[in-house]
Amino acid sequence: MTRMDSTTVAASRPTPVEPEGPRPRGKRPGGRDGARRRALKDRMIFFGPLLAVLVGLLGFPIVFALYASFADVDDMFSMAFAGLRNYESLLSQPETLVRPFLNTMRFALASVAISLTIGFAAALLLNSRLRGRRVFRSALMFPWVIPTVLTALMWRWVMDSNAGAFNGLLLQLGLIDEPVSWLGDPNLAPWIIILAQVWRGFPFITVMLLAALQAIPEELHEAAAVDGAGWLRRLRSIIWPGVRPIFILVGTLEGLYAFREFAMIDVLTGGGPAGATEVLATQVYRLFFQYQRFGDAMALAALMFVLALVATVLLMRLSARDEED
């Protein structure tokens with residue numbers, strides 16, 4: 001092979017390409033971070049106006065009410081900061097705070113405990129192979145969807161001492177000799193409003209617990225039946241762990257509803273007789289509109305908000321710890 005031929009062959013060979021070094025790990029424009037930013041931007045476009053409305057409707061009144069509890073609300077035009085004067089005035093008259101607080105605790109705890117018991121029992125019954133359970137499920141929501149004021153008016157008519165349906169039924173059965181003043185007796189009136197609250201609230205608990213029961217896998221019940229586990233064993237080992245988070249949630253919600261309940265009590269008894277059913281919510285109304293003690297009313301409303309917030313946080317932490325376990 002001549003020198004020309006060897007040169008031609010060498011020129012025709014491909015030049016080896018040197019391997020490139022590792023590319024710097026820079027963020028690609030339009031990569032994962034860009035997609036996240038675009039998704040966040042889209043969410044803000046869609047939900048931003050709704051968030052602004054919620055902040056305006058909920059956040060502003062809460063902040064204003066908390067500030068008003070520390071302000072001189074007797075002069076609505078200036079609203080000058082007054083420190084703890086409103087709270088000192090409220091606490092200096094314990095009769096306006098102690099008894100309504102105790103009545104509120106009795107009303108909330110008793111109504112929630114009874115509602116949870118009845119609601120859980122009703123959910124277990126409706127989750128079984130009960131004939132006509134679809135009809136019962138539909139009728140169950142009737143007390144819950146009725147407005148609170150109408151529910152209170154209905155209970156006031158039923159429990160009326162003169163023309164009440166309950167007194168009429170008891171007289172017909174011969175169980176009483178004369179009409180009973182159910183809403184006029186300081187010992188009976190608190191329990192009548194508790195029963196009215198239970199009648200209104202337990203359907204919601206039943207529906208929520210029924211949904212939790214139906215979410216429990218059927219395989220667990222079948223395995224328990226194969227192992228010979230009885231109903232009580234399945235209730236303790238399968239049913240209760242499955243509904244416990246929802247049980248705590250609905251208990252918390254019902255407790256908050258009962259803690260701030262006003263319409264039911266105001267329509268049924270108006271806080272009477274002799275303050276036996278006076279709760280914190282009706283006391284705030286009375287202080288503000290009847291006694292015109294604006295500062296005391298705002299301070300009491302702020303205390304109610306703080307108590308409800310603390311109770312909610314504690315119960316939610318309990319629920320979260322329960323789910324972790």
Is any side-chain heavy atom of Thr151 closer than 4.5 Å to one of Trp155?
yes

Inspect the surroundings of CZ in Phe262 and state if more than 12 heavy atoms from other residues, nucleotides or ligands are less than 6.0 Å away.
yes

Phe247 vs Trp240 aromatic rings, parallel, tilted or perpendicular, using cut-offs 30° and 60°?
perpendicular

Interatomic distance, CH2@Trp144 vs CH2@Trp199, rounded to 0.5 Å, equals 13.5 Å

Are the ring centres of Phe107 and Phe259 closer than 6.0 Å?
no

Evaluate the side-chain proximity of Leu153 to Trp157: yes if any heavy-atom separation is below 4.5 Å, no if none is.
no

Does the pair Thr277 and Thr269 meet the rule for a side-chain hydrogen bond (donor to acceptor under 3.5 Å, both in side chains), with working shown?
CA-CA 7 Å; Thr277 60; Thr269 63; 2.6 Å; yes

Is any side-chain heavy atom of Leu140 closer than 4.5 Å to one of Leu126?
yes

Enclosure of Glu178 CD (heavy-atom neighbours >12, cutoff 6.0 Å):
no

Worked check of side-chain contact (heavy atoms from CB on, under 4.5 Å) between Arg200 and Ile146:
CA-CA 8 Å; Arg200 177 178 174 267; Ile146 298 179; over 6 Å; no

Any side-chain heavy atom of Phe101 sitting closer than 4.5 Å to one from Val279?
no

Can you establish whether the number of heavy atoms outside Glu95 located under 6.0 Å from its atom CD is more than 12?
yes

Carefully, step by step, assess Leu124 and Trp231 under the rule side-chain contact (heavy atoms from CB on, under 4.5 Å).
CA-CA 12 Å; Leu124 291 173; Trp231 186 83; 4.1 Å; yes

With side-chain hydrogen bond (donor to acceptor under 3.5 Å, both in side chains) as the criterion, how do Trp182 and Asn167 come out once you've worked through the C-alpha distance, each side chain's angles and the decisive distance to 0.1 Å?
CA-CA 9 Å; Trp182 301 101; Asn167 273 332; 2.9 Å; yes

Near Phe142 CZ, under 6.0 Å, is it more than 12 heavy atoms from other residues, nucleotides or ligands?
no

Could you go step by step and tell me if Leu195 and Trp191 meet the side-chain contact (heavy atoms from CB on, under 4.5 Å) rule?
CA-CA 6 Å; Leu195 289 178; Trp191 296 103; 5.5 Å; no

Taken to the nearest 0.5 Å, the spacing of Leu188 CG from Ile193 CD1 works out to 12.0 Å

Between side-chain atoms of residues 291-299 and protein atoms elsewhere (two or more places apart, or another chain), which donor-acceptor pairs fall under 3.5 Å?
{"residue": "Arg293", "atom": "NE", "partner": "Asp296", "partner atom": "OD2", "Å": "2.9"}
{"residue": "Arg293", "atom": "NH1", "partner": "Gln93", "partner atom": "OE1", "Å": "3.4"}
{"residue": "Arg293", "atom": "NH2", "partner": "Gln93", "partner atom": "OE1", "Å": "3.3"}
{"residue": "Arg293", "atom": "NH2", "partner": "Asp296", "partner atom": "OD2", "Å": "2.7"}
{"residue": "Asp296", "atom": "OD1", "partner": "Ser89", "partner atom": "OG", "Å": "2.9"}
{"residue": "Asp296", "atom": "OD2", "partner": "Ser89", "partner atom": "OG", "Å": "3.3"}

Could you tell me the separation between the CD1 atom of Ile194 and the CD atom of Glu261, rounded to the nearest 0.5 Å?
12.5 Å

Separation of Ile118 CD1 from Ile205 CD1 (nearest 0.5 Å):
9.0 Å

ILVMFWY network linking Phe288 to Tyr87, side-chain heavy atoms under 4.5 angstrom
yes

Reported CG-to-CD distance for the pair Leu249 and Glu254, which is rounded to 0.5 angstrom:
10.5 Å

Do the side chains of Arg85 and Asp72 get nearer than 4.5 Å, heavy atoms only?
yes

Within the side chain of Asn86, is there an N or O that forms a donor-acceptor pair under 3.5 Å with the backbone of Val73?
no

Is there a donor-acceptor contact under 3.5 Å from the side chain of Gln283 to the main chain of Thr96?
yes

Under a 4.5 Å cut-off applied to non-hydrogen side-chain atoms, are Arg99 and Glu278 in contact?
no

Any side-chain heavy-atom pair of Ile192 and Phe166 under 4.5 Å
no

Supply the atom-to-atom distance Leu307 CG to Leu280 CG, rounded to the nearest 0.5 angstrom.
8.0 Å

Would you check if the side chain of Ser237 reaches a backbone N or O of Arg234 as a donor-acceptor pair within less than 3.5 Å?
no

Apply side-chain contact (heavy atoms from CB on, under 4.5 Å) to Asn127 and Leu209, showing your working.
CA-CA 10 Å; Asn127 194 48; Leu209 293 179; over 6 Å; no

